[in-house]
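Working notes, beginning with the structure itself.
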Amino acid sequence: MILSENIAKIFDRQVLHELLIFEHEDKKLNYEQDSVKISDVLKDLKLDGKKVIAANLDGEEFDLSREVSHGGVINAITTDSPEGLEILRHSTAHLMAQAVERLYPGTHFGVGPAIKDGFYYDIDVAGSITEQDLPKIEAEMRKIVGQAEKITREDLPKSEALEFFKTKNDPYKVELISEIDAPTVSLYKQGEYADLCRGPHVPDTSKLHNFKLLSVAGAYWRGSEKNKMLTRIYGTAFATPDELKTYLKRMEEAKLRDHRKLGKDLDLFSLHEEGPGFPFFHPKGVAIMNTLIEFWRREHMKRGYVEIKTPQILDRELWLRSGHWDHYRDNMYLTEIDEKPFAIKPMNCPGSILVYKTQLRSYRDLPMRLAELGIVHRHERSGVLHGLMRVRCFTQDDAHTYIEHSQIRDEVMRIMELDKYVYTQVFGFKYYVELSTRPEDSMGTDEQWQTAEAALREALESTNTPYTVNPGDGAFYGPKIDFHLEDCIGRTWQCGTIQLDFQMPARFDVTYIGEDGAEHTPVLLHRVVFGSIERFLGILIEHYAGAFPYWLAPVQVKIIPVSDKQLDYVNELRDKLMADNLRVEIDTRNEKLGRKIRDAQIQKVPYMLVIGDNEKDNNLVAVRERSKGDLGSMSYEDFLKLLAQEFNPIK
């Protein structure tokens, strides 16, 4: 059957009509044309507000200027959304790169992504850029903002893009393009500046007002110490000036709380070139860590855990069997003993399994909760080392619980209850929870992973715990629940984790005798509460700004004599306080009383006892509290009653 020319035209329009249908909530738009600009669609849908900088079409993000030849579900991306803020920050990274290229001709660019709280760009600059140069770069950025440079996308054949960056003599972009497995790549241009990028970006540079360059650091190209060291410039950007102002204020507060500075000022720990990534803890730092450990032990004993201790160095065969040799070897320290390969443990789990396997276990023994304060070593690149937050040796407050499949939900809920008590009731943190799912580099079957992820979801939902999903960030042997703590100035820290593991028990042939008399494989739960005691200490230093609560303070009471005439009485007080398990210091320096009190205040000691002749003659103590000041004179017994009112989870 032959269609007439008019019928054919109508048919063609109908086909085109089907291809270009855009939906937004209960609205629907039809376009009888080959393509349409994203900005026109948003305008017709009345979604083109001032905050709109891009669009999401069927899950893919597009620039407003992009022409599309297919329809779908469309939504505006605004600057006050997480997606919009990321686009804004990535566009600001390009803005900074354009300014740098103007000021430092011949500069080559590595990568410049948006990151949490901002962005960075790695650059290979002729000469050097320091933090003193940042205001000059900012001024050039503001000039470009005033010029309202249009930001345009150009899709090029891979060969043309390679030729373009070869002409610019840019080895970094050439390397990146060479590895792209696609026939075309996209470039974004603004004025004289062009960059390899997937996009999307804001329509023009006038949208980028609220930014600040923060710092300069070194970074190896692509994170490898074998490559050239580049200059990394960090910055941040926000949708509004008030948001930027609030963030910068928080950053200033964070500088005052920097655990590295406070750790030195309060004599808690030190860092030395002789041990990069291996912190040295001083007596006061050890006092806090020991208090944390004492608290940890008490809480675990209450909850049915028993403590074990396993070796630091174990045979390679163990790590091959556990899967760490294949999946984690680059982070392990290796050695040789008696001409056999060994590794310093990066994790405690294989040692725990060997302890479990020393006896035949029954279903009556489960759950079996084995806890360990295990010292682990992991090879972190020098560029990421950061005080106590990122180290190469740390103490993991580990526990490995062996359970039946039917016990998964209840045991995970028990751990979550412990985490909630520690984080909120003891340390005063808010927290949020993530469920991290199967990564690309994983062990096990699809069915095992689906079962494991479903079990963790059930535990979260049974306790009405709000959570987000973090796709692909699970451990190589199983999914996990991660706890992110929010400190008093709004920063977040990942600490606790609960990891569900079907793999390692099977690989190590771990079994128990079930109620049916047959052998079964238990499920293994890996979990930490502090995560790393060293890192948790760093977080607490910054959370409390060094002013630790009474129960945790390295020095709980400082005794300050007015003169040497009171030393006998002062020594007697110290001995009595120490006998009552208090951490005490005496200030016997030949300094004025005001100086001694001020120094104790700077050291953030919770209580000071000022002892003069009146206190000595009448068996009194003159008490000063860190935040309240002078509390007056009282008897020793009344002072102990005062201390007894302080929160103390280990008394």
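By the 30° and 60° cut-offs, the orientation of the rings of Tyr431 relative to Tyr423 is perpendicular. Between His377 and Tyr333, the ring planes lie perpendicular to each other; the angle is over 60°, past the 30° to 60° tilted range. Relative ring orientation between Trp319 and His324 is described as perpendicular, the plane-to-plane angle rising above 60° on a 0-90° scale split at 30° and 60°. Taking the six-membered ring where tryptophan is involved, the planes of Phe427 and Phe429 are tilted, since the angle between them lies from 30° to 60°. Aromatic ring pairs are classed by plane angle as parallel below 30°, tilted from 30° to 60° and perpendicular above 60°; the pair Phe269 and Phe281 is tilted.
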In residues 213-224, what donor-acceptor pairs under 3.5 Å come from side-chain atoms, sequence neighbours left out?
from, atom 1, to, atom 2, distance (Å)
Trp221, NE1, Glu175, OE1, 3.1
Trp221, NE1, Glu175, OE2, 3.4
Arg222, NH1, Glu175, OE2, 2.8
Arg222, NH1, Glu179, OE1, 3.0
Arg222, NH1, Glu179, OE2, 2.9
Arg222, NH2, Glu179, OE1, 2.9
Ser224, OG, Lys226, N, 3.2

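A 4.5 Å side-chain heavy-atom check between Phe530 and Phe295 finds at least one atom pair inside the cut-off. Residues Asn348 and Gln396 have side chains in contact (heavy-atom distance under 4.5 Å, counting atoms from C-beta outward). The shortest side-chain heavy-atom distance between His108 and Lys173 does not fall under the 4.5 Å cut-off.
Ring centers of His272 and Phe280: under 6.0 Å apart, within the cut-off. Here His259 and His386 bring their ring centres to under 6.0 angstrom of each other. For Tyr477 and His526, the distance between ring centers is under 6.0 angstrom.
Screening residues 264-273 for salt bridge (Lys or Arg N to Asp or Glu O under 4.0 Å) gives Lys261-Asp265 as the qualifying pairs, with residues at least two apart or on separate chains. Among pairs with a residue in residues 206-215, those fulfilling salt bridge (Lys or Arg N to Asp or Glu O under 4.0 Å) read Glu138-Lys212, at least two apart in sequence or across chains.
With sequence neighbours excluded, no residue forms a side chain to side chain donor-acceptor pair (under 3.5 Å) with Lys158. For Thr92, there are no side chain to side chain donor-acceptor pair (under 3.5 Å) partners, not counting sequence neighbours. Contacts of Arg438 classified as side chain to side chain donor-acceptor pair (under 3.5 Å), with partners at least two apart in sequence or in another chain: Ser442, Asp446.
We find that Glu253 and Arg257 are joined by a salt bridge, their nearest charged nitrogen and carboxylate oxygen being less than 4.0 Å apart. Under the 4.0 Å criterion applied to side-chain N and carboxylate O atoms, Glu252 and Lys249 are not assigned as salt-bridge partners. Note on Arg89 versus Glu86: no salt bridge recorded, every NZ/NE/NH1/NH2 to OD/OE distance being 4.0 Å or above. Comment: Asp204 does not engage Lys150 in a salt bridge, judged by the lack of any side-chain N to carboxylate O separation of less than 4.0 angstrom.
For the pair Arg316 and Trp325, the cation-pi test (distance below 6.0 Å, angle within 45°) is passed. The cationic group of Lys116 does not satisfy the cation-pi geometry with Tyr247, failing either the under 6.0 Å distance to the six-membered ring centre or the 45° limit from the ring axis.
Side-chain N or O atoms of Asn290 include none that pairs as donor or acceptor with a backbone N or O of Ala287 at under 3.5 Å. Under the 3.5 Å distance criterion, the side-chain polar atoms of Thr205 are matched with a main-chain donor or acceptor of Ile144.
Residue His201 is tested with Tyr193, Tyr188, Phe62 for a ring-ring contact (aromatic ring centres under 6.0 Å, His included); the sole match is Tyr188. Screening Thr79, Ile77, Thr78 against Ile87 for a side chain to side chain contact (heavy atoms under 4.5 Å, CB included) leaves a single residue, Ile77.
One distance of note links CZ of Arg527 with CG of Asp397; it measures 6.0 Å at 0.5 Å rounding.
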